[in-house]
Amino acid sequence: MNGSWLLPIAAIVGLAVITLITRAFFMIPERELPMPDWLRRGLKYAPLAALAGVIAPEIFMSGGALIHTLADARLPAVLCAGGYYFWRRSILGTIALGMAVYLPLHIGLGW
């Protein structure tokens, strides 16, 4: 035992403590924390912004660079799925249609 296990264990414990503190931060106080109205309104858009920040690079980038061709199966799949969502407002249908367009183009045509 030369102590090589000490650093990974310390990192895991440290990350666990940081995660616990940040997730429990709003549950620790006995009363509700006051928030300004502008912050409360802004927090309504946080999930949408996070979703866009995760999905947009997956659609428009490949291998860390912007895609250079329109022959990418993701683009027609996103257009069809987005159109279906705005038409029917169905999440399950959006996912199903997007995959129904994406898979034949990606697997069948090799896009």
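Excluded from the calculations below are hydrogen atoms, water molecules and symmetry mates; all remaining heavy atoms, backbone and side chain alike, are included. Residue numbers run from 1 in the order of the sequence given. Since this is a predicted model, take the numbers as computed values, not measurements.
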Nearest-0.5 Å distance that lies between atom CD1 in Ile9 and atom CG in Leu6: 8.5 Å
Spatial distance of atom CG (Leu15) from atom CG (Leu20) [nearest 0.5 Å]: 12.5 Å
Residues clustered with Leu43, ILVMFWY side-chain links under 4.5 angstrom: Met35, Trp38, Leu39
Other residues, nucleotides, ligands: >12 heavy atoms within 6.0 Å of Leu109 CG: yes
Can you give the donor-acceptor pairs under 3.5 Å from side chains of residues 78-90 to other protein atoms, not counting sequence neighbours?
| unit_1 | atom_1 | unit_2 | atom_2 | d |
| --- | --- | --- | --- | --- |
| Ser90 | OG | Gly93 | N | 3.1 |

Would you give me the side-chain donor-acceptor pairs under 3.5 Å for residues 55-75, sequence neighbours excluded?
| unit_1 | atom_1 | unit_2 | atom_2 | d |
| --- | --- | --- | --- | --- |
| Thr69 | OG1 | Ala71 | N | 3.1 |
| Asp72 | OD1 | Arg74 | N | 3.1 |
| Asp72 | OD1 | Arg74 | NE | 3.1 |
| Asp72 | OD2 | Arg74 | NE | 3.4 |
| Asp72 | OD2 | Arg74 | NH2 | 2.7 |
| Arg74 | NH1 | Glu58 | O | 2.7 |
| Arg74 | NH1 | Met61 | O | 3.0 |

Heavy-atom pair of closest approach, residues Gly98 and Ala77: O-CB, 3.5 Å
